[in-house]
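Working notes, beginning with the structure itself.
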Amino acid sequence: MRIAQLYKEGQRFTVWPLRVTYQPIANGQESDQTGNSQVLVWAPKSIFKHAVHRNHLRRLMREAYRQHQEILAKSHYIIAFNYIDKEELSYAVIEKAMVKALNKITNHQ
RNA sequence: CAAGCAGGUCGGUCUGCCGCACCGGAAACGGUGAGGAAAGUCCGGGCAGCACAGAGCACCACAGCGGUUAACGGCCGUCAGGCAGAAAUGUUUGGUCACUGCUACAGAGACGAGUGAUGUGAAACGAGCACACUGUGGGCUGCAAUUCCAAGUAAACCGGCGUUUGAGCGUUGCUCGCGCGAGUCGGAGGGUAGGAAGCGAGAGAGAGGCGCAGUAAUGCGUUUUCCGAGAUUAAUGGCAGACACCCGUAAGGGUACAGAACCCGGCUUAUAGACCUGCUAUCGCG
RNA sequence: GGCCCUGUAGCUCAAUUGAAUAGAGUGUCAGAUUCCGGUUCUGAAGGUUCUGGGUUUGAGCCCCAGCAGGGUCA
């Protein structure tokens, strides 16, 4: 339910090869959570047929977020990262896109 | 030697920094963390629920013979025929009976006769398929099974049949028979999508050895070591360096197939490369 | 994760128990009708029956493997 709401109401933009959808979390909201940001990461099954490739891309995106999550500072968000390219790209490319995307979120706020 | 055939094993290793999941711990921290196919879901089991007085008919699978196993359509041995090969070897077929049905075109004639040759044809007292028969096995559904806790809704609405003259349900698909029996079947609609158990110490594994039986698959006994994933949309990752192997004069590049979801035994399919064992003797080289 | 189903002309579907030339509608193209177009009529093209093996004299159909797509179950 929360995921459907995010994709319906959230703001979105694309930083190749990622499509980002996000919503800020106001203080006091999302009472069932501890106050951290929530992140959803996936690669489409229709393009990547084998589970090993999807797992790898998911891990790369997750690692890139982990390395650079301090960019978001103290504001909290719900963010979804979709991998949209048809090829498996290297970690360096994904990391670069991740930094760009996170900066864009904070600047828009 | 090269070549070929069969079987088997491995399928990158190590270090540093930053991280993830589970377990233990008050904490610091410690321990553990994908595969030979985890895949396809093609077979067979374990396990779970439902059912089970019984009989008959169907249905499905298998099919020389013998063995192995928890079980199998797997595996091992072996017999006969066909095909490939020089050989090692590989591959394929294989229960029974009768004429109930089919066998296009061609052919005088196609399972029928009066018969043989030639010709026709896949097949002309000889065959293929279906049906039938024999033997063996199979109850059905599947971990989203199933059990418990919490929360919530609609005991409402419409239609069929029925209450001892028996609806409906169970008894595998059908029939009989048996049992339960006052409600039940269908439609449309409403609600839930949380937690726990199942969940891994077992038909355990050898990544150890010895002995015995057997040609072998495999089994038995004994000793020793180990417990090495258990999530619930899913952890096992990133960066840097060294070594190994391959390609390239070099700079440099590459290292396959692929990711557990209840668990095992097989089969099948995908797979860079490396290694070991046994066998064959045509050609080529010495 | 389990179970089940389906792949045939561009599209939607047939083809009884295996039998020889794989059919129908629609769409496409050409011709006729019309001043022109539509409608209607006539004709034509269009198929490695998803792919690869096997059984059989013969396979869209039976068997095995693969590929693609779909349904359903708490």
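Per chain, numbering begins at 1; letters A, B, ... match sequence-line order.
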For A/L57 and B/G238, give me the distance from atom CG to atom P, rounded to whole Å.
11 Å

Write down the distance separating the C1' atoms in B/C60 and B/C42, rounded off to the nearest Å.
16 Å

Can you find a side chain N or O atom of A/R59 that sits less than 4.0 Å from OP1 or OP2 on B/U236?
yes

Tell me if the side-chain of A/R66 makes a donor-acceptor pair with the base of B/C18, cut-off 3.5 Å, by modelled atom types.
yes

Which nucleotide in the list B/G259, B/C239, B/C20 gets nearest to the side chain of A/R62?
B/C20

For atom P, what is the distance between B/C62 and C/A65, given to the nearest Å?
12 Å

Rounded to whole Å, how long is the line connecting atom CZ of A/R54 with atom P of B/A261?
13 Å

N/O (side chain, A/H56) to phosphate O (OP1/OP2, B/A258) under 4.0 Å:
no

So, is A/R58 close to the B/A235 phosphate, meaning a side-chain N or O under 4.0 Å from OP1 or OP2?
yes

Does B/A144 adopt a syn or an anti glycosidic conformation, taking syn as a chi angle within 90° of 0?
anti

Consider the side chain of A/H50, meaning its heavy atoms from C-beta on, and name the nucleotide among B/A235, B/A258, B/G19 that approaches it most closely.
B/A258

Looking at B/A258, B/G238, B/A260, which one has an atom nearest to any side-chain atom of A/A51?
B/A260

Which atom pair, heavy atoms only, marks the closest approach of A/F13 to A/A101?
CZ-O, 3.6 Å

Shortest non-hydrogen pair, A/R54 vs A/F48, comes out as NH1-O, 2.8 Å

